[in-house]
Amino acid sequence: QVQLVEAGGGLVQAGGSLRLSCVVSGGTFRNYNMGWFRQDPGKEREFVAAISWSGSNTAYGAPVRGRFTISRDNAKNTMYLQMNSLKPEDAAVYYCAADRTLRRIVGLLTADYAYWGQGTQVTVSS
């Protein structure tokens, strides 16, 4: 059974930084394209960033482009999201997700991902 566990969320002041991590177990991490999504209460889950299985291809949602960086370490079965210049509107629960389909292009939709973590809360104070 594939499990994803996020960590690294917390409270940060606007302009600060956080690094989220997502550890994957029970599956073949190196074969998965991976993604980060976020969700505010009452809103739809929003695409944040994605990375291909090799790490060579990445994609970012417009609100975070230039401030967030996605990366992965296949030897550690771990994906990261470095978040810089955080804004109050970045506050949300952040979820990591795994795509098992070996697609060539990283997915931007929640439907592209089969496995999900439980989420980690990011709070940004103004």
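Nothing fancy with the numbering, it's 1 onward along the sequence.
Proximity of L20 to M83: side-chain heavy atoms (C-beta onward) are separated by under 4.5 Å at one or more points. The shortest distance between side-chain heavy atoms of K87 and V124 does not fall below 4.5 Å. A heavy-atom distance below 4.5 Å is not found between the side chains of K76 and S21. Contact annotation: the side chain of W53 approaches that of N33 to within less than 4.5 Å [non-hydrogen atoms, C-beta and beyond]. Counting heavy atoms from C-beta outward, E6 and W36 have side chains that approach closer than 4.5 Å. Taking the side chain as every heavy atom from C-beta outward, R100 and V2 never approach each other to under 4.5 Å. Side-chain atoms of L4 and M79, non-hydrogen and from C-beta on, never get closer than 4.5 Å to each other. When side chains are defined from C-beta on, N31 counts as touching L102, because their heavy atoms get closer than 4.5 Å.
With rounding to the nearest 0.5 Å, the separation of CD in Q3 from CG in N77 is 13.0 Å. One finds the CG atom of L18 at 8.5 Å from the CD atom of Q82 (value rounded to the nearest 0.5 Å). With rounding to the nearest 0.5 Å, the separation of CZ in R38 from CZ in R45 is 13.0 Å. The distance from atom CG of N57 to atom CD1 of I105, rounded to the nearest 0.5 Å, is 9.0 Å. Distance OH/Y95 to CD/E46: 13.0 Å, rounded to 0.5 Å. Rounding to the nearest 0.5 Å places OH of Y80 at 12.5 Å from SG of C96.
Of all non-hydrogen atoms in P88 and S126, the two that sit nearest each other are CG-CB, 3.8 Å. Across all non-hydrogen atoms, the minimal contact from A59 to V106 is CB-CG2, 3.8 Å. In terms of heavy atoms, Y60 sits closest to I70 at OH-N, 2.9 Å. Across S56 and S52, no two heavy atoms sit closer than the pair N-OG, 3.3 Å. Closest heavy-atom contact between M34 and C22: CE-SG, 4.2 Å. Between A50 and G107, the shortest heavy-atom distance links the atoms CB-O, 3.7 Å.
Hydrophobic cluster membership differs between V23 and Y32, with clusters built from Ile, Leu, Val, Met, Phe, Trp and Tyr side chains linked at under 4.5 angstrom. Hydrophobic cluster membership is shared by I51 and Y115, with clusters built from Ile, Leu, Val, Met, Phe, Trp and Tyr side chains linked at under 4.5 angstrom.
Scored by the ring pair (Phe, Tyr, Trp, His ring centres under 6.0 Å) test, F37 finds F47, Y113, W116 as partners (sequence neighbours excluded). Scored by the salt bridge (charged side-chain N to carboxylate O under 4.0 Å, His left out) test, R72 finds no partners at all (sequence neighbours excluded).
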Chi angles and distances behind the side-chain contact (heavy atoms from CB on, under 4.5 Å) call for R67, D90: CA-CA 11 Å; R67 299 186 296 121; D90 293 317; 2.7 Å; yes

